[in-house]
4 protein chains.
Amino acid sequence: MTSVDLNADLGESYGTWTLGDDRSMLGLVTSANVACGFHAGDPAHLLETLRLAAAHRVDVGAQVSYPDLRGFGRRDLDLPAADLTADIIYQIGALQALATVAGTRVRYVKPHGALYNRIVHDERQAAAVVEAVVALDPALALVGLPDSEVGRLAEAEGLRFVPEAFADRAYRADGTLVSRTEAGAVLHDRDEIAERMLRLAAEGVITSIDGTDIALSAETICVHGDTPDAVGIARAVREALAASGLTITSFSEH
Amino acid sequence: MTSVDLNADLGESYGTWTLGDDRSMLGLVTSANVACGFHAGDPAHLLETLRLAAAHRVDVGAQVSYPDLRGFGRRDLDLPAADLTADIIYQIGALQALATVAGTRVRYVKPHGALYNRIVHDERQAAAVVEAVVALDPALALVGLPDSEVGRLAEAEGLRFVPEAFADRAYRADGTLVSRTEAGAVLHDRDEIAERMLRLAAEGVITSIDGTDIALSAETICVHGDTPDAVGIARAVREALAASGLTITSFSEH
Amino acid sequence: MTSVDLNADLGESYGTWTLGDDRSMLGLVTSANVACGFHAGDPAHLLETLRLAAAHRVDVGAQVSYPDLRGFGRRDLDLPAADLTADIIYQIGALQALATVAGTRVRYVKPHGALYNRIVHDERQAAAVVEAVVALDPALALVGLPDSEVGRLAEAEGLRFVPEAFADRAYRADGTLVSRTEAGAVLHDRDEIAERMLRLAAEGVITSIDGTDIALSAETICVHGDTPDAVGIARAVREALAASGLTITSFSEH
Amino acid sequence: MTSVDLNADLGESYGTWTLGDDRSMLGLVTSANVACGFHAGDPAHLLETLRLAAAHRVDVGAQVSYPDLRGFGRRDLDLPAADLTADIIYQIGALQALATVAGTRVRYVKPHGALYNRIVHDERQAAAVVEAVVALDPALALVGLPDSEVGRLAEAEGLRFVPEAFADRAYRADGTLVSRTEAGAVLHDRDEIAERMLRLAAEGVITSIDGTDIALSAETICVHGDTPDAVGIARAVREALAASGLTITSFSEH
């Protein structure tokens, strides 16, 4: 790896409620996963976030989700495939229009929360997501977990699939994420996090929660924007990677 | 007038609840105002409606609304201008993406319900709607009440404004619609309705609820799809207009 | 069995969309499962339904659901237990207040749709539902599938659990319902349905979808109100049961 | 005045989004206006807030609102009276049930945001609110602006109406609040705010935004919980009032 992309979830405020520090994060990441209104993000906040992303020349992706404001898209929902496909087309289109007005455009799709985790293994929902992207615009990339059902289906349908690692999340030995409901799922020490990402970039290896090293292939690294020290962690990761000689650019330029 | 457009509100089912007879109406109208999810229309139903519209070669417009499923967009809402603009961009974009997948495209925007009525006179909200359309795509036409604030602003901004008449609604002497909460607001007799539309097309005149004739300039006639005899009324209007020698075509071809 | 209760899901209209024929069904059933706004039923419609139920002297239950208007509560949702418990208390309370104003009161709770099916076997969600009812008012009965997790937990906590049979649904050999997504899940022939319910009342036996007879203990029979021939089926079941000498009364009087 | 009540809006978090410092505010106020889910407050957060209120022995009121999460209930909505009445009964009931489980009870109703302001002058909506409270439980008090339409109607119907002053809001010379969209609407200086409330308590007078003194009769003072220095302001007001010899108790004990 000679260059790496950093992505973060942005635009996740809703009405009177704010979440994350979008402005600071946009100074650190190269790809912005912007919410689409189904788990977070009202249209006015989304437009503002997209204008900021355009001003920072950060690439924009559609962070599509189950319809679940109350649960922030983190509750598993058993959607029929046709409904899921239509829901995803709807969300991408809404964000595309806002992006156009903001002077930018949507380059990729990143499913959020419970949907992200489900399509790692659920073939029916993974196919529904892939079908939505292929039908709307096959030039859109799809970001997801390496070695996942959605990754295999996306590539079989001719989409660019971008494998992703999570800076602040613990991994199981099988390469999946430790669930947020389990202890140790989210890492908080910025030095440890930066160290892990350095090793991932240099060796393609990360240490799982049971101590074994696992191979992980990733083109983009997700840094979260809604944890207490989010900006500090993102900066530590970015600086460590840059110091090691890697170029930090959006994956659309890889 | 040598040709006239017939439009109807379609795609207004939601989840388990169905409304109107979209399939029959698509055999009668030349423009379909498809809901966008804010007052009606879940994404899966919208995609199905758009596919039917494409199959019937009926033009598609985005029927944008206040966010109000419970009130079907018929309750006046005092939205800040920036929120309204963003809400409208979001809705148009969502429908554009679904239309792309369905093999058609959005050609115009028609505000719905309380929003439609408010922008007849409310300059701030009218400007917010016009701004959304201009910023997203100035090639989109805007449908609304003749001699309205939104019509004047749309034309001042270079949009095509398409004045509309309502087949089954009573008019006040000032050319505005009698409110649905008042007696006599909705007409039900198909012969009377067809007769009124014939006279409108031939003479540019309609009789108001107080009996006076008023001049009304309209390029498109709205026939409703959710009243008991909706399909029968729409057919009567279409047949009467066609029998009088008028060509029934979408206004995009006028 | 010398007396039997007939229940139906009512109050499932929402805003402009109507569903079912509440008025006719209230002339046939002895218990009304009234929606609570989470899968259907806006407050104004609920109040109207409760007034009708009071006028018909039909017992009222709270038909609690996952929060899912779009999916009519039929989509499985992986809710944390604490959220589910609070959601159920909220819904029962809302209906209790509307019932008070309508001159009646909530006597039982019947979970709806995907929640109903999940708590047949999911101990965590079943316990969350039972906890809500016990904490709010242990005098409320709980209606559910016989031989279910929720039934066992309800009785262990001292609640009255009322086992239920479905007039128009096919059963698997294990006593669970055939899923609505499978062929043959819903029966449509009113004579066949009445015949099955007669045998259930007389012998405690029903024929499963694979042809085997299964024992089924039920104190209440659910007749649906939203299928094409709903009222006709409900009437046929009621008349057959009454003709056989059974008394049709609400289970609160059993 | 020898005793005064302090109230604050609480329970206004929603899902992943938190708002205000409920725990600190509950140590300062004597009445908690708890949201009911329509403008803020999911059931699980509401139950938690109610348990805290019970533990602090703070009186609980139902902060009912227009259905408007996106706009935090601050956008004027033209609801039909029957819908508004049913919406309010629904919200009060939901909170009553959660309060029961939390070991407390709802003692009063305080409309929120745009609804609060509208029923100062809109007789139709004011009557709809009063009707809801009278029909559900006439022992509930109603909190609102002094010299308002809702106050007159509430008292005419035999309800206890509790007139309220706002610690951090500017007043017009006619005794209504300066709109949040205007400059100077919200005060931020804690000493100035405490000083104004002291004078209000001692003399029944407050200085309006144009500099004139106006008479204001209030039994309860609202301190906000969602502004930057909310807790500091609330503490300053409480300490100033207590230091002047006033007893700080809930109005239910006045």
Side-chain angles (χ1 to χ4, degrees), chain C residues 11 13-16 34-38 41-51 54 60 62 64-67 69 79-106 109 128 130-140, chain D residues 11 13-16 34-38 41-51 54 60 62 64-67 69 79-106 109 128 130-140:
Chain C
S13 293
Y14 189 80
T16 202
V34 182
C36 299
F38 272 41
D42 60 84
H45 270 110
L46 297 179
L47 184 53
E48 190 187 326
T49 300
L50 289 162
R51 285 183 168 135
V60 165
V64 298
S65 169
Y66 291 137
L69 278 180
L79 279 186
D83 291 357
L84 180 53
T85 297
D87 279 7
I88 285 174
I89 297 165
Y90 183 97
Q91 291 176 76
I92 300 172
L95 201 73
Q96 284 176 323
L98 292 166
T100 298
V101 170
T104 181
R105 64 187 178 86
V106 174
V109 174
V130 168
E131 183 187 330
V133 179
V134 169
L136 179 57
D137 182 0
L140 291 165
Chain D
S13 293
Y14 191 79
T16 203
V34 181
C36 299
F38 272 41
D42 60 83
H45 270 110
L46 296 179
L47 185 53
E48 192 188 325
T49 299
L50 289 162
R51 285 184 167 131
V60 165
V64 298
S65 168
Y66 291 136
L69 278 179
L79 278 187
D83 291 356
L84 179 54
T85 297
D87 279 7
I88 285 174
I89 297 166
Y90 183 97
Q91 292 177 75
I92 300 172
L95 200 73
Q96 283 177 323
L98 291 166
T100 298
V101 171
T104 181
R105 64 188 177 87
V106 174
V109 174
V130 168
E131 182 187 329
V133 179
V134 169
L136 179 56
D137 182 1
L140 291 165

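Proteins come first, then strands; the chains are lettered A, B, ... in the order of their sequence lines, and each starts at number 1.
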Looking at every non-hydrogen atom in both residues, tell me the closest pair between Gly93(C) and Ala97(D) and how far apart they are.
CA-CB, 3.4 Å
Atom pair OH/CD of Tyr90(C) and Gln91(D) - distance to nearest 0.5 Å:
6.0 Å
Starting at CG of Asp87(D), measure out to CG of Leu98(C) and round the result to the nearest 0.5 Å.
9.5 Å
Which one wins on heavy-atom pair count under 4.5 Å against chain C: Asp137(D), Leu136(D), Thr100(D), Ile88(D)?
Leu136(D)
If you tally heavy-atom pairs under 4.5 Å against chain D, which of Cys36(C), Ala99(C), Pro80(C) wins?
Cys36(C)
Between Ala44(D), Ala94(D), Pro67(D), Gly37(D), who has the most heavy-atom pairs with chain C when the cutoff is under 4.5 Å?
Ala94(D)
Of Ala86(D), Ala132(D), Pro43(D), the largest count of non-hydrogen pairs under 4.5 angstrom with chain C goes to Pro43(D)
Spacing of NE2 belonging to His45(C) relative to CG belonging to Asp83(D), to within rounding of 0.5 Å:
9.0 Å
